[in-house]
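What's counted below: heavy atoms across the whole structure, side chains too, no hydrogens, waters or symmetry copies.
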Amino acid sequence: MTTAFREPHARSRRRWWWLALAVAGAAFAAWAKVRISHLDTSTQATNPIIRWEYLFKRPETRSELWTRTTEHLQLTVVPVALGLLISSMLAAIGLRFRWLLTPITLLSGFLYTIPSLALFGVLVTYTTNWTAAVVALTSYTLLILVRNIVAGIDGVPSAVTDAADGLGMGRVRRLISVELPLALPVILTGVRVATVTTVGLVGISSVIQLGGLGSLIFTGYNSSYPTKMVIGAGLSVLLAVALDLVLRLVERLTTPWARRRVGA
Amino acid sequence: MSAEVAISLSGVTKRYAGAATVAVEPLDLDVERGHVVVLIGPSGCGKTTTLRMINRLIEPTAGTITIDGTDIRDRPVTELRRGIGYVIQQVGLFPHRTIAQNIATVPTLLGWDKRKVRDRVDELADLVGLDPELLRRYPSELSGGQQQRVGVARALAADPPVLLMDEPFGAVDPIVRARLQAELLALQARVHKTIVLVTHDIDEAIALGDRVAVLNVGGVLEQYAAPDDLLAAPVNDFVGQFLGHERSIKRLSLARVANLALDGGLVADVEAGIDAARAVLAKGHGAWLGLIEGGRFAGWVPVDEVEAAGSIAELEPEPAAAVVRADSTLREALEVILTSRSSTAVVVDEHGTFGGTVTLEAIREGLTR
Ligand SMILES: Nc1ncnc2c1ncn2[C@@H]1O[C@H](COP(=O)(O)OP(=O)(O)OP(=O)(O)O)[C@@H](O)[C@H]1O
Ligand SMILES: [Mg+2]
């Protein structure tokens with residue numbers, strides 16, 4: 001067996017570390033920018049990292065943050081959902097016709113390697129900004145999703161599929177009531193990774209005027225207003241963490257059998 | 001073809017794509033209804049292949065398989081399989097389904113209503129000796145032996161007339177295996193299925209099979225016979241070697257005391273008096289005389305005491321230690337004979353009524369019939 005049935009703990013913990021590091025990095029960047037601008041123009045008033053009045057005094061802030069977050073959420077959920085749909089079909093084709101699996105993986109791997117800004121740039125000449133962004137983001141999810149769906153289904157013990165066949169389940173029946181449920185932990189791990197990655201990528205979409213938390217960061221950067229950068233980055237991280245937690249919860253709820261063990 | 005035949009293989013051949021040799025050479029095999037047929041042979045001889053051709057998990061390269069006279073290809077494959085219980089070697093329970101759901105697999109596929117399924121699951125749990133408490137658990141929460149039982153229950157769920165079992169007790173220790181074997185026999189006495197069972201344990205084959213098919217590499221059928229006939233007369237060296245050195249000992253486990261021609265032996269009735277007792281002694285050799293009182297075996301008395309005694313009432317018989325029943329195996333009889341001072345086992349029925357004696361000589365004659 002090449003694929004671990006369940007994600008090792010060490011790996012998921014490492015991802016949390018990356019998130020923490022990203023927050024720290026964003027905060028440091030904001031702080032550094034302020035220090036530098038402060039040094040350059042000694043006449044400029046001090047520019048603190050967090051301007052509390054932005055958060056608490058300004059009446060528009062709330063709706064602005066809310067709008068940016070929902071934009072971000074939408075640009076994450078739509079591509080991941082589309083990606084899951086397309087990956088399922090690709091995986092189904094690859095599992096049915098094994099020789100197609102390599103080309104499918106190569107293609108999704110190729111899509112994954114295209115720099116995101118370049119892909120946006122090309123796509124946007126053909127369609128609207130939003131569609132271009134969704135298409136690009138979707139294409140990035142395919143590699144990990146296809147790989148995990150295939151690995152998940154291949155990871156179902158052959159004794160189990162054998163039993164399903166021997167007891168007279170049809171092919172579709174076996175897929176739906178045996179293979180998919182058993183592959184679910186691996187598939188959901190893929191969905192989680194794709195989601196967290198997409199949350200990060202959506203930051204770029206603000207370049208083509210689609211808002212999201214990235215636009216907070218960019219306007220903050222351009223107007224030397226670090227508060228917006230910090231809040232944008234912080235909310236982006238929070239969003240990633242929240243989605244990750246939601247998906248973990250889904251996994252727990254859908255795989256009660258994987259939790260209970262002998263000795264209970 | 002006799003009406004008794006449930007499963008019939010004729011000229012069944014399997015050559016795997018790309019394989020240099022044939023996995024199963026043209027094989028003819030008839031399985032009678034209600035019988036347990038055991039396929040046995042060295043690893044890689046095609047036992048699993050043969051078994052899986054019966055439920056079409058593997059398609060034969062040539063030949064025909066019929067169940068109850070109809071070609072298995074005449075029915076949709078899923079329908080065929082739902083009518084054949086299948087116990088796979090590695091148990092293969094569905095880890096994400098509870099034990100009850102596992103057992104209910106085929107009834108659910110067949111669309112039985114919920115009540116009927118639930119009743120059937122309870123019935124099966126009882127049949128295979130599973131604590132109902134376990135039904136709500138997941139397979140990973142059961143011991144190996146319990147899982148094997150669930151595997152058997154799942155195969156029996158829709159009451160299929162035919163059962164295919166691939167090393168059903170392969171994954172458990174010898175003690176649990178022996179118990180499961182005994183339970184399978186008890187179960188079979190109640191359900192009368194036609195069973196094809198694969199094993200590579202000759203003792204299991206002898207214990208479970210009504211007939212045993214010994215296969216050689218390439219699916220060559222070397223001998224197909226009842227266990228006792230197999231042990232008594234292996235057709236060639238291959239079969240002989242496969243059966244092992246202790247063929248006679250193994251036969252002892254198959255034959256029962258009731259199969260022997262029991263004689264009374266050196267036994268006298270108390271009522272008949274001392275002279276009659278001495279007359280019995282004159283007919284045979286032995287150091288002990290058995291006494292019968294009111295149809296029951298009273299005990300053994302040393303021969304010299306009988307000679308010396310003035311009357312039977314003076315004698316004080318020692319109770320018999322070596323006692324067997326008519327349905328005891330010869331192996332059990334031998335065991336008690338070896339530990340008895342009189343070298344004789346006393347046969348009694350459940351009421352204690354005397355039925356005869358068994359000696360080493362009688363056992364030896366029983367084997368050379
Ligand atoms: N899917 C397959 N493709 C090619 N060859 C196979 C395949 N399955 C089995 N074989 C070959 O066919 C022969 C018979 O295999 P089979 O599994 O029936 O043996 P077996 O008697 O059940 O052995 P064991 O006691 O080890 O389980 C072996 O030589 C095996 O290598
Ligand atoms: Mg085998």
Original post:
How many angstroms lie between OG1 in B/T105 and CZ in A/R173, if you round to the nearest 0.5 Å?
Top reply: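 So the OG1 of B/T105 and the CZ of A/R173 are separated by 10.0 Å.
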Subject >> Residues, nucleotides or ligands: over 12 heavy atoms within 6.0 Å of A/F110 CZ >> reply: no
Original post:
Counting only heavy atoms not in B/I175, do more than 12 fall under 6.0 Å of its CD1?
Top reply: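 For B/I175, atom CD1 is not crowded (no more than 12 foreign heavy atoms under 6.0 Å).
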**OP:** Output the option from B/S143, B/A155, B/G92, B/A157 having the highest count of non-hydrogen pairs under 4.5 Å with chain A.
**Re:**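 Looking at each of B/S143, B/A155, B/G92, B/A157 in turn, B/G92 comes out on top.
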**OP:** Could you have a look at B/L110, B/L109, B/V87 and say which one has the most heavy-atom pairs with chain A under 4.5 angstrom?
**Re:**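 The answer is B/L109.
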Subject >> Close contacts, residues 89-103 of chain A versus chain B, judged by heavy atoms under 4.5 Å >> reply: none
**OP:** Residue by residue, scan residues 159-170 of chain A and write down, ordered by number, those that have a heavy-atom distance under 4.5 Å to chain B; if none do, write 'none'.
**Re:** A/A159, A/V160, A/D162, A/A163, A/A164, A/D165, A/G166, A/L167, A/G168, A/M169, A/G170
**OP:** Would you mind reporting whether A/S177 and B/R97 have side-chain heavy atoms less than 4.5 Å apart?
**Re:**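 Counting from C-beta outward, B/R97 and A/S177 do come under 4.5 Å.
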Original post:
Of the non-hydrogen atoms in B/Y138 and A/P256, which two are nearest, and what is the gap between them?
Top reply: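 Closest heavy-atom pair between B/Y138 and A/P256: OH-CG, 3.6 Å.
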Subject >> B/R56 versus chain A, the contacting section by heavy-atom distance below 4.5 Å >> reply: neither
